[in-house]
Student: 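Could you have a look at this structure, given as C-alpha cells, before my questions?
All ligand and atom numbering here is 1-based and tracks the order in the structure. Values reported hereafter were calculated over all heavy atoms of this structure, with side chains retained and with hydrogens, waters and symmetry mates removed. This structure is a prediction, so every number in the text was calculated from the model and none was measured.
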Amino acid sequence: HSHREMWFQELFPPNTCPINAKPNTFYGIMFDAGSTGTRIHIYTFVQKSPEKLIELEGEIFESVKPGLSAYADQPEKGAESVKRLLDMAVDAVPPHLWKKTPVVLKATAGLRLLSEEKAQALLLEVREVFEESPFLVPEDSVSILDGSYEGILAWITVNFLTGQLSGQNQHTVGTLDLGGASTQITFLPRFEETLKQTPADFLTSFEMFNSTYKLYTHSYLGFGLKAARLATLGALDTKAADGQTFRSSCLPRQLEAEWHFGGVKYRYGGNIEGETGFKPCYLEVLKIVKGKLHQPDEIRGSSFYAFSYYYDRAVDTNLIDYEEGGVLEVRDFEIKAKEVCDNMERYSSASPFLCMDLTYITALLKEGFGFRDSTLLQLTKKVNNIETSWTLGATFHLLQTLGITY
Ligand SMILES: O=c1[nH]cnc2c1ncn2[C@@H]1O[C@H](COP(=O)(O)OP(=O)(O)O)[C@@H](O)[C@H]1O
Ligand SMILES: [Ca+2]
C-alpha cells in the first residue's frame, strides 16, 4: 500500500482531520448519467491513523434504467430517478459528514446527442435535486463530461486500481470502454513515432497524483453499441422512423419487433427472404466502421483492459464468467459471432441483437481500431471490488480541485 499512499499525501494532509468526526472516513459521491442508465458511486476513503495517509476503502454502487436522455421531454421525471439514487447516499453517509461530502453528476453520450435545450433542462432539474440534498454541491456539479475526459478518467481508474500509477515501474495499461452511444480508447504512448502519427486532438496532457500523463484518447460519438445498432439498421439516416421497418441480415429471419432508444421508437426485423448469418452481417457492420476510426500502429501488439459492453456481451455468450471476468483474444469475439450468427434460432431467446452486437464488436476491434486477432483483452468489471468506471478518476480529480482536506 505504501506507493498508493504516497500520492494521497498531497490530497489529504494527515493533520487536517477533524477530531470530532469518527476521525478517519471521507466520502465522495459521483453520478454517471450514461446513455442507458444512471449510476451512483459512493466512495469511502479512510485515514487509518493520523500519521498514515488516505486510502480508498470501498464503494457503494447502484444503478437505474433508463438513462436521463430517455426523459428528454420530462426533465422532472429524469431528476426524480437521480433523487431515488441520492436517497441511498443519505443513508450511507453518516449525517455529520453530509456537509463535507461532495456530490457531482456527469452525463455522457446520451446527453451529448440531445439538443442543447433539452440537455440543459435535464441538468437544471438535477441541480435542484442536489441543492435540496444535505450534501456539498460544488460549482458546476452537474454537467456534460467531455468525451476526452471520459477516456482519461477511466484510464486513471483502471491504472490506479491495478497499482500502475505509483512507484517507479509504471507499466500502464490501455483501456477500451464501449458504452451505449459512444466508445473510448485510451493509452499512454510509448513511442515517439506514435505521437508524430497522431492528430493533435487525440493527445491530452493530464495531471494526477503529481505526475503528468500525455495520453492518446478519443471518444467516438455514435459508435457505442446501441448507436451502432441503429447505424447498422440504417435508422439514423431516416428522420421519419415511424411506420418503416428496418431490416438486417444480423437479425433472426422471422423477427418483427420494436425498440425504444433515445426517446424514439424503431420497428425492426430480419431479412425475411434475403441472407442472414455472419458473412452478410459482417459486411453490413463493416460499412459503418471501416475507415471511420484512427488506427495507431502502436496498439496492434499491446494488450488492453476492456469493460462495459465488451464485458457484458462476453458474459452473455459464456466467453467469461460474470464475477471473474477473464482474458480473451480479439479472435474469440469473432469465433463467437460466427457461432451465434450462423445459429440464430438457438440464440435469439437471449437477445435478438446478440449476433449484431458480437459482429459489431469484432469489426470495431479489427477494422475500426486495427487490433490483431491475437491482441489480448483483459475483460474486467471490478478490481479489488471497485467498479472499473471513469467515476473513480473523476472523484480523484474532484477532490483534487476542491482541495478537500476535511
Ligand atoms: O459502473 C459501472 N459498472 C459496470 N458497468 C458499467 C458501469 N458504468 C457503465 N457500465 C456499463 O456501460 C454500458 C452502458 O454504457 P452507458 O450507458 O454508460 O453509455 P454511454 O457511455 O455511451 O453514455 C453497459 O455495458 C453498462 O453495464
Ligand atoms: Ca459509460
Student: E150: heavy atom below 4.0 Å from ligand 1, yes or no?
Tutor: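 It does; at least one heavy atom falls under 4.0 Å.
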Student: Of all the atoms in ligand 1, which lie at a distance below 4.0 Å from a heavy atom belonging to E387?
Tutor: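 By the 4.0 Å cutoff, the relevant atoms are 1 (O), 2 (C), 3 (N), 4 (C).
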Student: Can D332 and K336 be counted as an ion pair, charged N to O under 4.0 angstrom?
Tutor: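 Between K336 and D332 there is no salt bridge, as every charged N stays at least 4.0 Å from the carboxylate O atoms.
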Student: Taking the side chain as everything from C-beta on, heavy atoms only, tell me whether T217 gets closer than 4.5 Å to F202.
Tutor: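 When only atoms from C-beta onward are counted, F202 and T217 do not touch, as no gap falls below 4.5 Å.
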Student: So, do V82 and F31 sit near enough that their side-chain heavy atoms are less than 4.5 Å apart?
Tutor: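 Yes, at least one pair of side-chain atoms sits under 4.5 Å.
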Student: Give the atoms of ligand 1, by number and element, whose distance to some non-hydrogen atom of T108 is under 4.0 Å.
Tutor: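 Per the distance check, 20 (P), 21 (O), 23 (O).
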Student: Does CD in E275 sit with more than 12 non-hydrogen atoms of other residues, nucleotides or ligands closer than 6.0 Å?
Tutor: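 Not buried by this count: 12 neighbours or fewer within 6.0 Å.
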Student: Flag A181 as yes when one of its N or O atoms lies below 3.5 Å from any N or O atom of ligand 1, and as no otherwise.
Tutor: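 Yes - when backbone and side-chain N and O of A181 are compared with those of ligand 1, one distance drops under 3.5 Å.
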Student: At under 4.0 Å between heavy atoms, which part of S389 makes contact with ligand 1: side chain, backbone, both or neither?
Tutor: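 Answer for S389: side chain.
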Student: Have a look at G67, S69, G110, G180 and point out the one with the heavy atom closest to atom 19 (O) of ligand 1.
Tutor: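 Residue with the shortest heavy-atom distance to the ligand atom: G180.
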Student: Report yes if the side chains of H41 and T395 come closer than 4.5 Å at any heavy-atom pair, otherwise no.
Tutor: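 A side-chain contact under 4.5 Å is absent here.
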Student: Is the W259-F353 ring centre distance short of 6.0 angstrom?
Tutor: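 When the ring centroids of W259 and F353 are compared, they turn out to be within the sub-6.0 Å range.
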Student: Nearest heavy atom to atom 16 (P) of ligand 1 wins, so pick from E59, K382, R39, K65.
Tutor: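 The option holding the nearest heavy atom is R39.
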Student: What part of T388, side chain, backbone, both or neither, has a heavy atom within less than 4.0 angstrom of ligand 1?
Tutor: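 Neither; no heavy atom under 4.0 Å.
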